[in-house]
Asks: 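The structure follows.
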Amino acid sequence: MPPSPPSFPLELALVGAGRVGTAVARLLARRGHRISGVWSRTPGSAERAAVELSTRAAPLEELSGDLWLMGVTDDAIASLATRLVSRVHAGAVVCHFAGALGTAPLRAFDAAEAWGCALHPVQSCPEVAVAVRRLPGSAWGVTCAPPLERWCRALIEDELEGLAVVVDEGDRPLWHAAAVTVANGISALMSTGETMLEALAAPARDVLAPLAGGALENARERGAAASLTGPIVRGDAAVIARHLEALRQRAPGLLPAYVAASRLVLVRARDAGRIGDDTSLQVAEVLDRAWS
Ligand SMILES: NC(=O)c1ccc[n+]([C@@H]2O[C@H](COP(=O)([O-])OP(=O)(O)OC[C@H]3O[C@@H](n4cnc5c(N)ncnc54)[C@H](OP(=O)(O)O)[C@@H]3O)[C@@H](O)[C@H]2O)c1
């Protein structure tokens, strides 16, 4: 077992100047942790992050730290770990941010008696400034050896103002699947609705974004399944048939997406007990006839 993890404030090293790593470094710097330097594969990325973090861009061999933030893409973590291991001192903590991976890609650090942990922010981070704004208040999936859990919880909850949720190593893929389903599912549904409204030359985003915001608020306040509304949970097959007819006439390319989304609603409504078997069958039959 490695020696005790470092006490706060920490000296940080950022390896991989991507959006998440840079944002985490910035949030930690705001809390008084010191950034020793940043390395990235592309010198321009390191320089940009160094300016943003008021630190220096440096070769990997010149970095030092109590906490190493590996901000690289998932596939680069294990190979970078083998390059980094000689720089990391006993008791230091090395983390990555990938959702589907646990501590396995960090095994190289066992030889250095350093701690490895996977800290996955359950948030959408399209750029550094947005990530800095959104990460406080977000949940983090934490996977590490049990003696490090308290330390990770303090880092996430006290220093990053997030919610730490311990996830077993083997549960990471399912954890990540849930996050990806929600984040991309919302975007895919919005994009489908926007394309439908384009056929009417309506200001699609202005029309649909407030609706999506309301639906999310309902799901947060009342629970997602309890918030399902519309013709499927009302069992109104006639309205669904009219939707299908309109799509056949005006936007036939979107029929498969509408039917797939409706089938998902149907399954979730039935599993949550919002509709009975008869209604479920009736709606399923209308959807099955979508192309006829
Ligand atoms: N963005 C999100 O919404 C989000 C949310 C949750 C978790 N995550 C996780 O956070 C981690 C970082 O994601 P990100 O979105 O911050 O990534 P990103 O902005 O795309 O940056 C990734 C960085 O990885 C470096 N890199 C790529 N391939 C490399 C290689 N083969 N060797 C060394 N470095 C390499 C790049 O360095 P150069 O620029 O120097 O080339 C780049 O700066 C990932 O594990 C991701 O799954 C992301």
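As a basis for the values below, the full set of heavy atoms in this structure was taken, side chains included, without hydrogen atoms, waters or symmetry mates. Position 1 is the first residue of the sequence, and the numbers go up from there. Whatever order the structure lists ligands and atoms in, that order sets their numbers, starting from 1.
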Asks: With heavy-atom distances below 4.0 Å as the criterion, list the atoms of ligand 1 near A17.
Replies: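 So the answer, numbered in order with elements, is 43 (O).
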Asks: For atom 7 (C) of ligand 1, what is the nearest protein heavy atom, given as residue, atom name and distance?
Replies: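 Minimum-distance protein heavy atom for atom 7 (C) of ligand 1 reads F97 O, 3.4 Å.
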Asks: Report the nearest protein non-hydrogen atom to atom 1 (N) of ligand 1: residue, atom name, distance rounded to 0.1 Å.
Replies: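 For atom 1 (N) of ligand 1, the nearest protein heavy atom comes out as C125 O, 3.3 Å.
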Asks: Any luck finding a side-chain donor-acceptor pair between T143 and R172 under 3.5 Å?
Replies: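 Checked: T143/R172 side chains pair up, N/O donor to acceptor below 3.5 Å.
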Asks: For H120 and ligand 1, answer yes if some heavy atom of the residue is under 4.0 Å from a ligand atom, otherwise no.
Replies: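 Under 4.0 Å: yes for H120.
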Asks: Please determine whether side chain to side chain donor-acceptor pair (under 3.5 Å) holds for the pair W140 and H120, giving the CA-CA distance in whole Å, both sets of side-chain angles, and the decisive distance to 0.1 Å.
Replies: CA-CA 5 Å; W140 294 69; H120 171 235; over 6 Å; no
Asks: Which of these, L266, L228, L281, V265, sits in a side chain to side chain contact (heavy atoms under 4.5 Å, CB included) with I275?
Replies: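 Between I275 and the candidates, side chain to side chain contact (heavy atoms under 4.5 Å, CB included) is satisfied uniquely by L266.
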Asks: Measure the distance from atom 37 (O) of ligand 1 to every protein heavy atom, then report the residue, atom name and distance (to 0.1 Å) of the closest one.
Replies: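 Going by distance alone, atom 37 (O) of ligand 1 is nearest to S40 OG, 3.4 Å.
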Asks: I need the contact type for S124 against ligand 1. Using non-hydrogen atoms and a strict under-4.0 Å cut-off, is it side chain, backbone, both or neither?
Replies: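 The part of S124 near ligand 1 is the backbone, not the side chain.
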Asks: In this structure, does ligand 1 have an atom that sits under 4.0 Å from one of the heavy atoms of T73?
Replies: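 Distance cut 4.0 Å: T73 passes for ligand 1.
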Asks: Pairs in or reaching into residues 16-51: which pass ring-ring contact (aromatic ring centres under 6.0 Å, His included), with residues at least two apart or in two chains?
Replies: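 Counting only pairs at least two positions apart or across chains, the ring-ring contact (aromatic ring centres under 6.0 Å, His included) contacts touching residues 16-51 are F8-H33.
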Asks: Considering only protein heavy atoms, which is closest to atom 22 (C) of ligand 1, and at what distance to one decimal place?
Replies: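 Ranking protein heavy atoms by distance from atom 22 (C) of ligand 1, first comes G71 O, 3.6 Å.
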Asks: Classify the side-chain pair T103/E169 by whether it contains a donor and acceptor separated by less than 3.5 Å.
Replies: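 Distance-only check passes for T103 and E169.
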Asks: Among all protein heavy atoms in this structure, tell me which lies nearest to atom 11 (C) of ligand 1, with the distance rounded to 0.1 Å.
Replies: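 Looking only at protein heavy atoms, the one closest to atom 11 (C) of ligand 1 is V72 O, 3.6 Å.
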Asks: Which protein heavy atom lies closest to atom 45 (O) of ligand 1, and at what distance to 0.1 Å?
Replies: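 In this structure, atom 45 (O) of ligand 1 has D74 OD1, 2.6 Å as its nearest protein heavy atom.
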Asks: I want to confirm something. Looking only at heavy atoms, which of S79, A131, P121, A76 is nearest to atom 32 (N) of ligand 1?
Replies: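 Residue with the shortest heavy-atom distance to the ligand atom: A76.
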Asks: Could you tell me whether the side chain of R41 and the main chain of A46 form a donor-acceptor pair under 3.5 Å?
Replies: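 A pair under 3.5 Å: no.
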Asks: Which heavy-atom pair separates R289 from R248 by the least distance, and what is that distance?
Replies: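 That closest heavy-atom pairing would be O-NH1, 4.0 Å.
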Asks: In terms of heavy-atom contacts, does CZ of R150 have more than 12 from other residues, nucleotides or ligands at under 6.0 Å?
Replies: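 Check fails, neighbour count at 12 or below.
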Asks: Nearest protein heavy atom to atom 29 (C) of ligand 1, by residue and atom, and its distance?
Replies: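 Protein heavy atom with the smallest distance to atom 29 (C) of ligand 1: R41 NH1, 3.3 Å.
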Asks: Heavy-atom distance to atom 38 (P) of ligand 1: which of T22, D75, V24, T42 wins?
Replies: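 Looking at heavy atoms only, T42 sits closest to atom 38 (P) of ligand 1.
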Asks: Does R263 pair with D288 as a salt bridge, N-O distance under 4.0 Å?
Replies: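 Yes, charged N to carboxylate O under 4.0 Å.
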Asks: Measure the distance from atom 5 (C) of ligand 1 to every protein heavy atom, then report the residue, atom name and distance (to 0.1 Å) of the closest one.
Replies: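 For this ligand atom, the closest protein heavy atom is Q123 O, 3.2 Å.
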